[in-house]
Amino acid sequence: MSGEGTVTPQVDARGLRCPLPVIRLAAAARDLPPGTLVELLWTDPAAEHDVPAWARMRGHDVVDVRARDDGSSATTVLLGPAR
């Protein structure tokens with residue numbers, strides 16, 4: 001997912017099991033400013049619930065969740081202020 005002139009950082013957690021997708025996403029988010037969109041690619045079914053829970057606890061917003069053609073899924077998170 002990208003807007004005009006911007007590139008959304010992507011975290012590839014395909015093939016990783018809980019809790020690694022959220023850990024990888026959190027590590028990437030730590031170095032990014034509020035307002036950044038981050039896309040997490042995942043295959044572990046637990047990520048469907050874990051990522052939104054993590055986002056709520058950290059003040060971020062899940063803005064998109066979609067299935068991909070390769071069998072994985074992608075969740076896009078809008079980063080909020082650090083908590």
Side-chain angles (χ1 to χ4, degrees):
M1 178 176 226
S2 63
E4 248 182 74
T6 62
V7 175
T8 299
Q10 193 176 71
V11 177
D12 190 349
R14 292 174 292 185
L16 301 178
R17 304 291 292 172
C18 180
L20 289 175
V22 170
I23 289 171
R24 296 269 174 99
L25 178 58
R30 196 174 351 215
D31 297 327
L32 297 170
T36 301
L37 289 171
V38 181
E39 183 179 62
L40 175 70
L41 305 179
W42 51 272
T43 51
D44 182 8
E48 183 176 4
H49 303 287
D50 292 348
V51 173
W54 169 82
R56 269 191 313 278
M57 291 186 323
R58 297 292 181 213
H60 309 310
D61 293 309
V62 172
V63 295
D64 186 44
V65 180
R66 67 187 183 291
R68 295 171 29 105
D69 292 339
D70 65 1
S72 67
S73 295
T75 300
T76 304
V77 177
L78 176 63
L79 301 181
R83 282 191 183 174

Indicate yes or no: at least one non-hydrogen side-chain atom of [X] is less than 4.5 angstrom from one of [Y].
X	Y	answer
Arg14	Asp70	yes
Pro19	Asp50	no
Val51	Val77	yes

Do you know the tightest heavy-atom contact between [X] and [Y]?
X	Y	answer
Ala28	Val11	CB-CG2, 3.5 Å
Ala29	Trp54	CB-CH2, 4.0 Å
Gly15	Thr43	N-OG1, 2.7 Å
Ala13	Leu40	CB-CD1, 3.8 Å
Arg17	Pro45	NH1-CD, 4.2 Å
Pro52	Ala47	CD-O, 3.8 Å

Exercise for the section: Dump the intermediate steps for side-chain contact (heavy atoms from CB on, under 4.5 Å) on Val65 and Glu48, then the final yes or no. Expected result: CA-CA 8 Å; Val65 180; Glu48 183 176 4; 5.5 Å; no

Exercise for the section: With rounding to the nearest 0.5 Å, note down the distance linking CZ in Arg58 to CG in Leu25. Expected result: 11.0 Å

Problem - Distance, nearest 0.5 Å, that separates OG1 of Thr8 from CG of Leu37 - result: 5.0 Å

Practice task
Is it possible for you to say whether Leu41 and Val22 belong to one hydrophobic cluster, with membership spreading through side-chain heavy-atom contacts below 4.5 Å?
Solution key: no

Handout entry: Co-membership, hydrophobic cluster, residues Ile23 and Leu32, 4.5 Å side-chain
Key = no

Handout entry: Any donor-acceptor pair under 3.5 Å from Asp64 side chain to Thr76 backbone
Key = no

Exercise for the section: Mark yes or no for whether Asp44, through its side chain, and Ala46, through its backbone, hold a donor-acceptor pair below 3.5 Å. Expected result: yes

